[in-house]
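Values below: all heavy atoms of this structure, side chains included; hydrogens, waters and symmetry mates excluded. Just so it is clear: chains get the letters A, B, ... in the order the sequence lines come, proteins before strands, and each one is counted from 1.
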Amino acid sequence: MDRYNYKAVEQKWQKYWDENNVFKATDDFDKKKFYALVEFPYPSGHGMHVGHIKAYSGLEVVARKRRMQGYNVLFPIGFDAYGLPTENTAIKEKIHPRIVTDRNIEKFTGQLKKVGFSFDWSRVIDTTEEKYYKWTQWIFLKMFEKGLVFRDKTSVNYCPSCKVVLSNEDSQGGKCDVCHSDIIQKTKEVWYLRITEYADKLLQGLEQVDYLPNVKLQQQNWIGKSTGAFVDFSIKENAEKLRIYTTRPDTLYGVTFMVIAPEHPIIQKYRDSISNIEALDDYKNECAKKSEFERTQLVKDKTGVKIEGLTAINPVTKKEIPVYISDYVMMGYGTGAIMAVPAHDTRDYDFAKKFGIDIIEVIKGGDISKEAYTGDGEMINSDILNGIDNKKDAIEKMLSVLENLGCGERGVQYKMKDWAFNRQRYWGEPIPIVHCQHCGMVAVPYEELPLKLPALENFEPGTDGESPLAKIESFVNCKCPKCNGDAKRETDTMPQWAGSSWYFLRYCDPHNDSEFASQEALKYWLPVDWYNGGMEHVTRHMIYSRFWHKFLYDLGLVPTSEPYAKRTAQGLILGEDGEKMSKSRGNVVDPNDIVENYGADVLRLYVLFMGDYEKAAPWSENGMKGCKRFIDRVWGLQEILTDGEEYSDKLRSNFHKTIKKVSEDIENMKFNTAIASMMSLINDIYANGTVNKAELSALCMMLNPFAPHITEEIYNTITGKILSEQPWITYEEKFCIDETIEIVVQVNGKIKAKLNIVPDSDRDSVIAMALADEKVKESTDGRNIIKQIYVPNKLVNIVAK
RNA sequence: GCCGGAGUGGUGGAAAGGCAGACACAGUGGACUCAAAAUCCACCGGUGGCGACAUCGUACGGGUUCAAGUCCCGUCUCCGGCACCA
């Protein structure tokens with residue numbers, strides 16, 4: 001027998017699968033369906049990463065198994081191709097991003113096919129194609145129509161030297177990634193999607209989906225719902241009410257000052273009656289200069305200025321309390337104003353210490369001379385609340401008091417902010433809006449979609465934070481769709497998250513020209529049965545796409561309220577040095593090299609065998625060689641092949657057990673132990689000396705989802721049939737049970753003997769056998785047996801004193 | 001700071017509260033070979049013993065249990081997420 005020629009075999013079967021459309025999802029809407037989704041790659045110039053292979057191999061195994069189980073399987077792939085790296089390559093090499101994108105997609109496609117993934121290649125999506133982004137724009141316009149799109153000011157990272165708006169990733173450490181000059185914060189009017197309107201729905205929807213617990217948790221934290229109260233504080237000097245948000249109305253008697261954000265509008269409104277307005281303005285300007293980086297990473301030291309001319313009145317104690325401005329209060333959360341309770345909040349405590357403000361303890365349990373006490377306990381110094389439990393009763397009691405006084409109401413807040421939906425770059429979907437002097441913002445009519453990204457010679461970023469599209473007069477100047485007067489087009493493009501927010505819908509019906517997907521196809525395929533991807537996408541991408549989906553659901557355009565029924569995540573592959581793979585570290589493994597030198601089956605097997613699928617694991621060239629050895633041993637079985645259409649007696653139970661183990665492990669993503677059990681089986685076969693046809697083809701069947709090429713070849717050689725078209729192999733429970741099993745006999749928890757018994761033997765006879773054992777007799781001799789424990793088919797424990 | 005997750009041989013990792021270390025890698029010895037690679041066989045947590053065996057051992061300190069890597073309490077370390085969110 002020749003050595004296994006993986007190159008020839010892999011090429012042969014990849015060609016066969018391709019030409020015969022073996023993995024094509026059919027439009028047979030009566031068949032039971034299974035929709036397996038993996039995160040589509042960004043086609044970077046570096047080509048595929050082994051991390052991609054691991055990410056896709058998990059559901060690849062499940063998808064292949066489901067097909068064999070008779071499901072109509074949709075396992076699609078595509079490319080999330082808009083984005084900065086492509087644009088930067090294009091600028092650097094002076095090639096159009098369209099060409100760079102096509103080149104990279106071709107490279108990725110070739111690499112994916114060489115690994116033998118069973119994707120349905122007839123449904124490939126490219127988010128930068130007109131027929132795709134037409135519908136991205138279409139959904140955007142639907143949101144515009146429903147009032148979910150608005151414009152507002154924000155501060156953006158701006159490089160004054162490049163005159164360009166930068167993403168957070170491109171401005172790390174407060175320096176421009178390109179020219180290394182200092183980034184400044186610039187105010188700019190940008191587009192927003194009102195995702196906060198869906199905050200509650202996004203939170204509640206988590207109750208009905210099967211996501212990994214930590215995925216759910218991260219999404220909950222991201223949405224960040226808190227319940228509390230809005231309380232109005234009167235201002236002594238005028239009729240104004242200063243409204244705050246708090247989750248701790250129980251501590252209202254401990255309020256000794258208030259803090260508002262430096263940008264709070266009340267300052268401008270009463271600036272004439274504030275005696276130190278210059279100091280407040282200076283402080284505000286200083287804060288505005290601070291970058292996001294400085295505000296979050298650096299100084300935690302509290303700063304602020306007292307407002308001279310605004311004094312608040314505590315609604316329950318009627319005491320006068322000072323009002324400060326400080327940047328530890330954000331305009332973007334709650335009302336931009338807080339009541340400060342230094343005794344029971346660490347930030348207020350720091351501030352009070354620094355500014356010498358009173359600290360009044362209202363909950364027992366801590367030592368407020370040392371630090372703030374944030375725990376629970378009995379109320380003190382709080383008049384009507386004294387003596388009761390803060391959490392159980394005080395919150396409720398205070399809420400009703402405030403409601404009666406007419407200065408408070410229950411309220412809910414979310415940490416999640418509206419989605420800044422814009423980029424000042426070329427390589428993205430144009431936002432289909434026209435600015436008209438008379439009509440304001442006007443949507444491009446649906447029938448004019450797609451609003452095409454104009455072909456451009458020079459797509460370098462525009463100056464003063466403008467998109468490069470702003471330079472093209474033929475694009476910018478247009479007629480208003482409403483009044484037909486002169487108007488200007490929006491020149492910002494959509495952010496990279498847009499195209500991926502609905503791609504799973506397009507896969508259902510990717511060639512439809514009249515709808516983003518037909519209702520029939522959506523009704524059949526949705527929801528996605530199993531979605532796998534990286535942990536880094538469980539907040540942004542998943543929440544954004546759930547938001548788009550829920551929006552379409554509310555319009556009656558998709559049949560399910562949630563897009564993904566189940567979500568899992570694979571762990572990273574680290575470099576051989578245990579560090580994250582990166583070019584600068586030089587520890588990157590190129591999957592091409594592995595396919596070339598060891599074969600696709602070895603690569604696929606190894607990424608699943610290297611450890612727990614959900615955990616990070618370091619790459620090991622040697623570990624991979626072990627998988628190569630396993631593949632060669634599978635091939636070598638043909639040398640000891642004998643006739644035989646049924647399992648031999650010696651191996652029968654072994655086969656049934658392994659099939660059971662593999663079948664169950666695949667469902668639980670325990671791929672490493674599934675492979676280990678097949679390795680064990682092969683070790684047993686070699687120890688047995690021969691393998692018959694029934695056995696070898698059974699092995700091929702269960703191994704097929706992991707190593708499809710070699711198994712297809714061997715199976716075809718011995719049966720003349722196509723393995724990918726065979727049903728999934730089954731096992732019988734009765735053959736998984738051994739005739740005799742070994743159980744352990746312990747005395748006082750220490751193993752003294754082993755017994756071979758018939759399964760499910762009765763307790764008394766097993767204990768009698770155990771007590772009759774020499775070693776057991778020895779160690780119980782002269783002692784009183786006080787307890788006998790029998791765990792059926794597992795062990796006997798004799799407790800003796 | 002807050003919220004998660006994890007700490008098991010030289011390494012990656014297995015163990016529904018019931019034989020700790022499956023499977024694999026590396027290593028050691030041997031077979032085959034002129035030799036090497038490949039392959040095959042044996043050994044492979046520590047300590048003691050020629051030995052069957054004894055004894056300790058799942059980050060650390062306690063606890064529950066006939067029995068703990070697994071459950072509970074406390075401590076330490078590492079990883080991930082959020083982070084002045086009122």
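Among all heavy-atom pairs drawn from A/Y333 and A/S226, the shortest one is OH-OG, 3.3 Å.
Geometrically, A/K302 engages A/Y328 in a cation-pi contact defined by less than 6.0 Å to the ring centre and at most 45° from the axis. Remark: A/K54 qualifies as a cation-pi partner of A/Y613 under the 6.0 Å distance and 45° angle criteria applied to the six-membered ring. A cation-pi contact, defined as under 6.0 Å to the ring centre and within 45° of the axis, is absent between A/R763 and A/Y790.
We find that NZ of A/K216 is positioned 25 Å from P of B/G80, with the value rounded to whole Å. Taking atom CZ of A/F706 as the reference point, atom P of B/C23 lies 18 Å away to the nearest angstrom. One atom, CG of A/N748, and another, P of B/G18, lie 19 Å apart when rounded to the nearest Å. Put simply, CG on A/D348 is 12 Å from P on B/A86, counting in whole angstrom units. Between A/E536 atom CD and B/G4 atom C1' the separation is 17 Å, expressed in whole Å. Between A/Q218 atom CD and B/G5 atom C1' there is a gap of 11 Å when expressed in whole angstrom units. The nearest whole Å value for the distance from the CE atom in A/M624 to the P atom in B/G13 is 17 Å. B/A86 atom C1' lies 11 Å from atom CZ of A/F257, rounded to whole Å.
Base-pair partner of B/C40: B/G30 (Watson-Crick or G-U wobble, both distances under 3.5 Å). Nucleotide B/C71 has B/G63 as its partner under the Watson-Crick or G-U criteria, with both atom distances under 3.5 Å. Pairing for B/G1 goes to B/C82, judged as Watson-Crick or G-U wobble with the two contacts each under 3.5 Å. Remark: B/A6 base-pairs with B/U77. Criterion, Watson-Crick or G-U wobble with two distances under 3.5 Å. Across all strands shown, nothing is found opposite B/A52 as a Watson-Crick or G-U wobble partner with both distances under 3.5 Å. Pairing for B/A24 is with B/U11, a Watson-Crick or G-U wobble pair whose two hydrogen-bonding atom distances lie under 3.5 Å.
Distances shorter than 4.0 Å separate none of the side-chain N or O atoms of A/K628 from OP1 or OP2 on B/C25. Contact check, A/K775 against B/A54: a side-chain N or O comes under 4.0 Å of OP1 or OP2. Contact between the side-chain N/O atoms of A/N622 and the OP1/OP2 oxygens of B/A26 is found at a separation under 4.0 Å. One finds no side-chain N or O of A/R248 lying less than 4.0 angstrom from the OP1 or OP2 phosphate oxygen of B/A86. Contact between the side-chain N/O atoms of A/Y333 and the OP1/OP2 oxygens of B/A86 is found at a separation under 4.0 Å. Note on A/N683: a side-chain N or O is less than 4.0 Å away from OP1 or OP2 of B/A24. Contact check, A/K794 against B/G18: no side-chain N or O comes under 4.0 Å of OP1 or OP2. Side-chain nitrogen and oxygen atoms of A/S226 include at least one within less than 4.0 Å of the OP1 or OP2 phosphate oxygen of B/A86. Applying the 4.0 Å criterion to OP1 and OP2 of B/U39, one finds that A/R633 has every side-chain N and O outside that range.
Taking the nucleotide of RNA chain B with the nearest heavy atom to each of A/K670 and A/M610, the more 5' of the two is matched to A/M610. Residue A/L217 is the one, among A/R629 and A/L217, whose nearest nucleotide of RNA chain B lies closer to the 5' end (criterion: closest heavy atom).
The listed nucleotides are B/A86, B/C23, B/C66; the one nearest the side chain of A/M679 is B/C23. Taking every side-chain heavy atom of A/A617 into account, B/G13 is the closest of B/A86, B/G13, B/C19.
Across all strands, A/Q788 comes closer than 4.0 Å to no nucleic acid atom at all (heavy-atom distances). Heavy atoms of A/T346 sit nowhere under 4.0 angstrom from any nucleic acid atom. As judged by a 4.0 angstrom heavy-atom cut-off over every strand, A/Q413 is placed among residues making no nucleic acid contact. At a threshold of 4.0 angstrom between heavy atoms, the contacts of A/L795 include nucleobase atoms, whether or not backbone atoms are also involved. Across all strands shown, A/N672 has heavy atoms under 4.0 Å from sugar-phosphate atoms exclusively, and none from any base. Nucleic acid contact class of A/F609 (heavy atoms, under 4.0 Å, all strands): base. A/V799 comes within 4.0 angstrom of the backbone, heavy atoms only, and of no base.
Taking atom C1' in both B/G21 and B/A14, the straight-line distance is 7 Å, to the nearest Å.
If you check the side chains of A/T740 and A/N756, you find no donor sitting under 3.5 Å from an acceptor. Between A/Q638 and A/Y4, the side chains place no donor N or O within less than 3.5 Å of an acceptor N or O (distance only, hydrogens not considered).
Ion pair A/D250/A/R248 flagged as a salt bridge, since at least one NZ, NE, NH1 or NH2 atom sits closer than 4.0 Å to an Asp/Glu carboxylate oxygen.
Classification of B/G69 as anti follows from a glycosidic angle more than 90° from 0.
Relative ring orientation between A/Y245 and A/F230 is described as tilted, the plane-to-plane angle lying within the 30° to 60° band.
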